[in-house]
Amino acid sequence: MGKKVTIALAGNPNAGKSSIFNNLTRSRQHVGNYPGVTVEKMEGSLKYGQYDINVVDLPGTYSLTAHSLDELVARNFVIEEKPDVVIDIIDASNLERNLYLATQFIELGVPLVLAFNMTDIADEGGFIIDKNRLSELLGTPIVFTVATKKKGMDELLDQAIALFEGKTKLQGTVVRYGKEIQEEILKLESVAIKDPSIVQKYPSRWLATKLLEGDSEVIKQLEHSPHYEEIISQAKKSTQHLEAIFGDKPEAIIAERRYGFISGACSEAVQRTYEIRHSASDEIDKVLVNRILGLPIFLGLVWAMFKLTFTLSQPLMSGIELLIQRLSLIFSALLPQGSVIQSLVVNGIIAGVGSVLVFAPVIFLLFLALAALEDSGYMARAAFIMDRLMHKIGLHGRSFIPMLLGFACNLPAIMATRTIDDRRDRLVTILINPFMSCGARLPVYALFIGAFFPARMAGTALFSLYLLGITVAIIMAKVFRKYLFKGEAAPFVMELPPYRMPTFKGLLIHMWERGAVYLKKAGTVIFAGSILIWALSNLPWNVEYSKDYDFMLKKAQQNQELIMQLENEKASEKLEKSYVASVGRVLAPAFKPLGFGDWRIATALVGGFVAKEIVVAMLGTLYSSSEAEQKSASLRLALQKQSRPDGKKMFTPLVAYSFMAFVLLYIPCMATIAVIKHETNSWVWPAFAAFYTTAVAWIVSFIIYQGGKLLGLG
Ligand code: GDP
Ligand code: MG
């Protein structure tokens, strides 16, 4: 009688398990059942040298979770029957996917041999596998086989025997899950090892991992342990902790890390068919990353991206505007005329949230374009192209796209910083992003440039404001680098993934992931902010008017012009007596050194925190009291006519410019602050951003106004 050895064959479906089983056991096979379940159990036997080998063909599986019966059967057989050797049969032409199962056997600590089957197909596909290197990385022996040609069968058995006899030592290399997960695994292990009967059955690390994955079967098995409660409560704590950190189930993160490990190992030990794709990529890169052509092509693509985004979003935006108008009409009609609730819903909530929702098409389309650039593999090149330039200002190549997006809207821009790995690089990019002049500032510029600059200078004035924002951003980036986030920007690691045709579904998913955050912001923070600013500008509700407007309005009867004028006057007087005006009056002296110490301007600036274009709307209400309409033409005239108590004109071109600079630079809008909170996961950075940008704005406007006065400009 020879030595008895049990070998279990495992593997993904279609990897060639049955073929190898047949090769090994020929005709000496029989079919049974796994205890308690209806899954067939194929067994066979063979004599090999002095060994009597019993071979079990496990169900084909991709993984070893508790989610499917097959997986559970395979797993339980390995854990409970403890076969002497497990041979995991791997389709070598589909290595990364097949190795996923292998990582789980490695973690389970079973005596493992990997049969890389279908090496004939792998060869044809141009895979070159460095067997020794990969074997080292995975910590298990590897045998190349071609089951259909019976190649490698003896070597497979030799390796299995060597393992059985203890001649091969397994390294037990495991996937590294990163600090956070590792910490929780350790915590769980230290609780689990209190019960020796558990540890005897399961490797403690594997058990801990399974608990983090929420494996129902493992939890069921632990029910009889005296430490059950303790283990489960620790598992819950750890899971919640990890969920809070990663924003995803630990199960998903763990799977991700396993794939990451596999992909890392393969990129070291396997040259793959992507070499073929790579060389195609190389050809494309000769043009796209070309020293001379690279930059213009990149800028051209970006221009096209913006152009396309804005063209396509126009009709959608009009549609949403129309919808909001309808909604506002419906609610006006539904709610009692002239009541607080009507004003709150229509002027507060619908108008506030609506003004931000209108931007949704632009933002979604920008995200779509961005996803296309990313998924195709071009973005990595763009970062590379821009890196030298960006490094000069202490930033990373990847910071460029967020800065650029800032000109459209700071929200998607700040969210796009996620591609920056280094935390300091990312924070600097987030903090200076609000200086990129977004679309919402444009109405303010349009109004003031139109009112105080001659047409021939309008373009220059506008351009200079954008330039001012960029300059301040660069200076602040340097300051942050020097004092707050010391050290150079992370060196650029050239990683050029092969070009790939993005899938439509992938693009939509990526667009939605980011767009949803924006919608959520509009739904929550902006909702709350809209109510706040409405309350500030509408309360106290009952004000004593200087005239009996209601009576006059009644008398005005059909005279539309008069009605409008009266209504405007009334609105203006109401705003004058509101809380926001009180805040404005308190703040106004602080703006005096900047040239615009008027309380109405201060009031509008407070309103601008909700969204910067609101500055224009509020100025409209506050200044155009005597005008029939609040259209910008009349507001322009009204602004030009305003005079200070000393009789001089309130606005000169210098004051106007100082004011525009302030609007550009001061506190980012509420939504931006909310996104900074979301992206940095802390209140420190949004608070800091709100404070320092306002300080910078004050200083810059001070320099502009006082400097201008010294130069005799105003
Ligand atoms: P199982 O699902 O893991 O049991 O896989 P099978 O043994 O049934 O094999 C699936 C298919 O792959 C069958 O058509 C086999 O003939 C084929 N096959 C198995 N091993 C090899 C191999 O090494 N090379 C090639 N070219 N085909 C193989
Ligand atoms: Mg089969």
Side-chain angles (χ1 to χ4, degrees), residues 5-26 29 34 39-46 48 53-65 68 70-78 81 83-108 110-125 127 129 131 134-135 137-164 168 170 258 262 265-266 269-270:
V5 182
T6 307
I7 295 177
L9 297 183
N12 288 14
N14 272 324
K17 228 158 27 64
S18 301
S19 308
I20 288 186
F21 180 74
N22 288 328
N23 285 347
L24 294 179
T25 58
R26 308 265 153 73
Q29 303 172 349
Y34 289 98
V39 179
E40 274 184 2
K41 182 186 187 187
M42 290 285 288
E43 277 184 279
S45 58
L46 73 148
Y48 189 71
I53 301 177
N54 182 36
V55 184
V56 180
D57 187 15
L58 297 175
T61 63
Y62 295 105
S63 180
L64 288 182
T65 64
S68 88
D70 279 353
E71 295 185 23
L72 212 52
V73 164
R75 176 169 114 184
N76 284 344
F77 181 83
V78 171
E81 309 287 319
D84 298 304
V85 178
V86 174
I87 296 180
D88 181 6
I89 293 148
I90 280 166
D91 174 356
S93 67
N94 191 3
L95 208 49
E96 297 207 7
R97 174 154 199 205
N98 276 250
L99 279 175
Y100 190 73
L101 180 65
T103 60
Q104 303 196 32
F105 279 121
I106 294 169
E107 281 175 17
L108 202 45
V110 299
L112 186 68
V113 176
L114 301 180
F116 277 25
N117 193 37
M118 310 226 182
T119 41
D120 53 335
I121 298 177
D123 275 348
E124 274 168 33
F127 289 78
I129 301 167
K131 189 167 79 172
L134 198 54
S135 167
L137 291 170
L138 296 170
T140 55
I142 294 172
V143 179
F144 283 170
T145 62
V146 182
T148 41
K149 296 195 182 114
K150 301 196 170 81
K151 268 200 202 157
M153 295 303 124
D154 283 351
E155 198 194 332
L156 196 55
L157 289 171
D158 288 341
Q159 285 290 355
I161 298 296
L163 200 59
F164 170 72
T168 319
L170 292 175
R258 283 192 191 122
I262 292 167
C266 285
V270 185

### Task
Could you tell me whether the side chain of R258 reaches within less than 4.5 Å of the side chain of E107, counting heavy atoms only?
yes
### Between CD1 on residue I90 and CD on residue E96, distance to nearest 0.5 Å
12.0 Å
### Message
With no hydrogens and no angle check, just 3.5 Å: does a side-chain donor-acceptor pair link N98 and Y62?
### Response
no
### Gap between atom CG of L114 and atom OG1 of T140 - 0.5 Å precision
3.5 Å
### Task
Side-chain contact test, heavy atoms from C-beta onward, threshold under 4.5 Å: evaluate it for V86 versus V113 and give yes or no.
no
### Query
Rounded to the nearest 0.5 Å, what separation is found between the OG1 atom of T61 and the CG atom of D88?
8.0 Å
#### Entry: Pairwise distance CG(L134) to CG(L95) - rounded to 0.5 angstrom
6.5 Å
### Task
Can you sort out the partners of D123 under side-chain hydrogen bond (donor to acceptor under 3.5 Å, both in side chains), two or more places apart, ordered by chain and number?
none
### Query
Do you know which two heavy atoms are closest between T25 and S45, and how far apart they sit?
CG2-N, 3.6 Å
### Task
Compare all side-chain heavy atoms of E81 with those of T6 and state whether any distance is below 4.5 angstrom.
no
#### Entry: Straight-line distance of L72 CG to L64 CG, nearest 0.5 Å
9.5 Å
### Task
Report the C-alpha distance between V5 and N54 in whole Å, list the side-chain angles of each, state the deciding distance to 0.1 Å, and finish with yes or no for side chain to side chain contact (heavy atoms under 4.5 Å, CB included).
CA-CA 6 Å; V5 182; N54 182 36; over 6 Å; no
### Query
So I262 and T103, side chain to side chain contact (heavy atoms under 4.5 Å, CB included) or not? Walk me through it.
CA-CA 8 Å; I262 292 167; T103 60; 3.7 Å; yes
### L108 side chain near V78 side chain, heavy-atom distance below 4.5 Å
yes
### Query
Is there a side chain to side chain contact (heavy atoms under 4.5 Å, CB included) between N14 and D91 once you walk through the steps?
CA-CA 8 Å; N14 272 324; D91 174 356; over 6 Å; no
### Message
Apply side chain to side chain contact (heavy atoms under 4.5 Å, CB included) to residues V85 and V110 and explain how you reach the verdict.
### Response
CA-CA 7 Å; V85 178; V110 299; over 6 Å; no
### Task
Heavy atoms only: give me the nearest A10-L58 pair and the separation to one decimal.
CB-CD1, 4.0 Å
### Summary
Scanning both residues in full, the closest heavy-atom pair of Y100 with S63 reads CE2-OG, 3.8 Å
### Message
With a 4.5 Å cut-off on side-chain heavy atoms, are D120 and M118 touching?
### Response
yes
### Task
Taking the side chain as every heavy atom from C-beta outward, state whether D84 and P111 have any pair of such atoms under 4.5 Å apart.
no
### Message
Return the CZ to CD1 distance between F105 and I87, rounded to the nearest 0.5 Å.
### Response
11.5 Å
### Message
Just so I know, are the side chains of K17 and D57 near enough to count as touching, which here means a heavy-atom distance under 4.5 Å?
### Response
yes
### Message
Any non-hydrogen side-chain atom of N12 less than 4.5 Å from a side-chain atom of R97?
### Response
yes
### Task
For residues F21 and G44, report the shortest heavy-atom separation together with the two atoms involved.
CZ-N, 3.6 Å
## Note on the structure
Here the pair of heavy atoms bringing I89 nearest to G16 is CG2-C, 4.2 Å
Show me the donor-acceptor pairs within less than 3.5 Å that the side chains of residues 141-152 make with the rest of the protein, sequence neighbours left out.
| residue | atom | partner | partner atom | Å |
| --- | --- | --- | --- | --- |
| T145 | OG1 | N117 | OD1 | 2.9 |

### Considering all heavy atoms, the nearest I106-L112 contact
CG1-CD2, 3.7 Å
